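The residues of the chain are indexed from 1 along the displayed sequence. The figures here come from the full heavy-atom set of this structure, side chains too, leaving out hydrogens, waters and symmetry mates. All values reported here derive from a predicted model rather than from experimental measurement. Numbering of ligands and ligand atoms starts at 1, following listing order.
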Amino acid sequence: MARKALVTGITGQDGSYLTELLLGKAYEVHGVVRRTSSLERSRLQPLYADPTTYGKRLFLHYADLDDPTTLRRVLMKVAPDEVYHLAGQSHVGLSFEIPESTCEMTAMGTLRLLEMLRDLPTPPRLFHAASSEIFGRPANAPQNEETPFNPVNPYGAAKAFAAQMVRIYREAHRLFAVNGILYNHESPRRGENFVTRKICRAAAAIRRGTQSELLLGDTSARRDWGHTQDYVLGMWLSLQHETAQDYVFASGVLHSVQDVVETAFQAVDLDWRAHVRQDARFMRPAEPLQLVGDPSRARRVLGWTASTSFEDLIRGMTLAELEG
Ligand code: F7E
């Protein structure tokens, strides 16, 4: 019988790549969608529109993390072997504006899910998408699974709570529950308000002549960026191992927002100096520092690596914009 996976956040960037990966491995995939999610034009649309997939190997269920009864019902009905918990408000800048709903969904939503899993007769394996933002301003770089949490924004604090709860339920209630501590991961399907997609889109639009300038916040900010396709493979691998533990998924290399700008504009043969300006509206009240991951446990235990280089990632995203 096909293995069954339940994915929260299935319509997002990570959810869509993970669904493709799981379908490719002959899983039956069940996705949780909020009543407000629009499937039209979503990243899932090609699979949703495919009659050989939707309703046969891919199923969507309306449920919500802030409506526990609905989610419990889906869990009982589907009885998944694996749950991938990817849902949540994922924009760090926005979390300063809407801290309560960010925490409600990301922190409390994860705790509710853990409580439901704990009550099931045979709890499924759980992957929780944690984030490098739990480290905020860490004492050391690169960070690994032992690095203490020190978040500097509401999003990071909510993820730190959720990740700690996953550890507690693993220890205290013996759930097979894994935190994937995910560093920034991007793709042509990235939301348009994240910096890589914003820059790649703008470079392509300026090349086409439909935009003239690009307004950015702090371009000296540095991040550890990789391709989402690599990171969803890490999610799956972490649930196939015989024991549950946390893993850092990262490239281990830092680049600045300025590096993204230069790589994207170079891909379309433009001089960024003529188009990029700084705008205080995109500055954040606090920036994390030196978030760079040490993925050696994932490499050693799971055989995982971030296989796409920064240059290939940004160039590929920019050219995809030009074609799309
Ligand atoms: O910002 C700077 C911004 O919004 C990256 C999420 O997936 O990764 C992501 O969070 C950097 C920051 O991603 C603009 O200040 C400059 O320093 O693309 P971002 P993020 O905040 O790192 C982590 C690991 C997650 O878990 C999150 O869910 O770029 N920056 N100018 C800008 N950022 C944006 N968005 N827009 C700008 O104009």
Side-chain angles (χ1 to χ4, degrees), residues 9 12-15 17 85-98 102-103 105-107 110 128-138 142-143 149 151-163 179-187 189-203 211 213-228 230-232 234-235 248-251 254-264 272 275-293 295 306 310 313-314 317:
Q13 168 189 245
D14 295 13
Y17 281 110
H85 177 40
L86 315 178
Q89 192 298 101
S90 64
H91 198 277
V92 172
L94 201 58
S95 79
F96 284 104
E97 307 301 321
I98 51 165
T102 300
C103 290
M105 186 153 186
T106 299
T110 305
H128 168 240
S131 162
S132 52
E133 287 288 335
I134 62 178
F135 299 132
R137 297 220 170 112
Q143 298 83 45
F149 299 172
V152 294
N153 52 59
Y155 170 82
K159 282 286 185 194
F161 173 93
N179 285 304
I181 304 171
L182 305 166
Y183 283 65
N184 297 53
H185 45 286
E186 319 291 314
S187 74
R189 298 183 201 168
R190 186 59 142 148
E192 290 161 16
N193 56 353
F194 292 90
V195 82
T196 55
R197 180 83 194 282
K198 181 175 169 183
I199 293 169
C200 298
R201 249 170 87 80
Q211 187 174 330
E213 62 175 6
L214 167 62
L215 305 178
L216 289 173
D218 182 2
T219 51
S220 70
R222 297 197 301 160
R223 287 289 187 283
D224 175 331
W225 274 293
H227 196 298
T228 302
D230 291 331
Y231 291 63
V232 301
M235 295 176 189
V248 160
F249 293 110
S251 75
L254 274 175
H255 284 280
S256 64
V257 173
Q258 181 60 29
D259 293 336
V260 179
V261 167
E262 291 178 19
T263 309
W272 65 270
H275 305 282
V276 178
R277 283 204 297 119
Q278 202 161 68
D279 188 320
R281 281 178 302 164
F282 298 107
M283 299 286 200
R284 295 183 184 171
E287 279 284 349
L289 282 178
Q290 287 282 89
L291 287 186
V292 57
F310 172 80
L313 170 69
I314 300 302
M317 284 177 69

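Closest heavy-atom approach to atom 13 (O) of ligand 1 within the set D14, N184, N153, V261: this belongs to N184.
The main-chain N or O of I181 is never found under 3.5 Å from a side-chain atom of N179 such that the two would form a donor-acceptor pair. A donor-acceptor pair is defined here as one N or O able to donate and one able to accept, closer than 3.5 Å; such a pair exists between the side chain of K198 and the backbone of L215. For R197 (side chain) and R190 (main-chain N/O), a donor-acceptor pair under 3.5 Å exists by modelled atom type. D224 contributes a side-chain N or O that, together with a main-chain N or O of S251, makes up a donor-acceptor pair within less than 3.5 Å.
Among all heavy-atom pairs drawn from Q278 and G217, the shortest one is NE2-O, 3.1 Å. W272 and E262 make their closest contact through NE1-CG, 3.5 Å (heavy atoms, listed as atom of the first residue, atom of the second, distance). Minimum interatomic distance between A157 and P151 (heavy atoms only, all atoms of both residues): N-CB, 3.4 Å. In this structure, E287 and D218 approach most closely via the heavy-atom pair CG-OD2, 4.3 Å.
Here the straight-line distance linking atom OH of Y17 with atom CG of L86 works out to 14.0 Å at 0.5 Å rounding. With values rounded to the nearest 0.5 angstrom, N184 atom CG is found 8.5 Å from Y231 atom OH.
Comment: R277 engages E213 in a salt bridge, judged by a side-chain N to carboxylate O separation of less than 4.0 angstrom.
At a 4.0 Å heavy-atom cut-off, ligand 1 does not touch R281 at all. Of the heavy atoms in K159, none comes closer than 4.0 Å to ligand 1. Of the heavy atoms in M283, none comes closer than 4.0 Å to ligand 1. Within the 4.0 Å heavy-atom criterion, neither part of L291 lies near ligand 1.
Among protein heavy atoms, atom 14 (C) of ligand 1 sits closest to V195 CG2, 3.5 Å. Here the protein heavy atom with the shortest distance to atom 15 (O) of ligand 1 is E287 OE2, 2.4 Å. Given atom 31 (N) of ligand 1, the protein heavy atom at minimum distance is G217 N, 2.8 Å. With hydrogens left out, the protein atom closest to atom 27 (C) of ligand 1 is S90 O, 3.2 Å, a heavy atom. Nearest protein neighbour of atom 12 (C) of ligand 1, counting heavy atoms only, is R223 NH2, 3.3 Å. Remark: minimum distance from atom 35 (N) of ligand 1 to any protein heavy atom is reached at N193 O, 2.9 Å. Regarding atom 4 (O) of ligand 1, its nearest protein heavy-atom neighbour is R284 NH2, 2.8 Å. Closest to atom 38 (O) of ligand 1, if we only count protein heavy atoms, is K198 NZ, 2.7 Å.
Near V92, the atoms of ligand 1 lying under 4.0 angstrom from a non-hydrogen atom of the residue are 10 (O), 21 (O). Against a heavy-atom cut-off of under 4.0 Å, A221 is close to the following atoms of ligand 1: 17 (O). Under a 4.0 Å criterion applied to the non-hydrogen atoms of V257, ligand 1 contributes the atoms 2 (C), 29 (O). Listed by number with element, the atoms of ligand 1 under 4.0 angstrom from any heavy atom of S131 are 23 (C), 24 (C), 25 (C), 26 (O).
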Decide yes or no on side-chain hydrogen bond (donor to acceptor under 3.5 Å, both in side chains) for S95 and Q89, but give the supporting numbers first.
CA-CA 8 Å; S95 79; Q89 192 298 101; 5.0 Å; no
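Relative ring orientation between Y183 and F135 is described as tilted, the plane-to-plane angle lying within the 30° to 60° band. By the 30° and 60° cut-offs, the orientation of the rings of F310 relative to W225 is tilted.
Ligand 1 has no nitrogen or oxygen under 3.5 angstrom from a nitrogen or oxygen of W225. Considering backbone and side-chain N/O atoms, Y155 comes within less than 3.5 Å of an N/O atom of ligand 1.
Within the structure, ligand 1 lacks R197 among the residues with a heavy atom less than 4.0 angstrom away. At least one heavy atom of R190 lies less than 4.0 angstrom from ligand 1. At least one heavy atom of L182 sits less than 4.0 Å from an atom of ligand 1. Ligand 1 is approached by S132 to a heavy-atom distance shorter than 4.0 Å.
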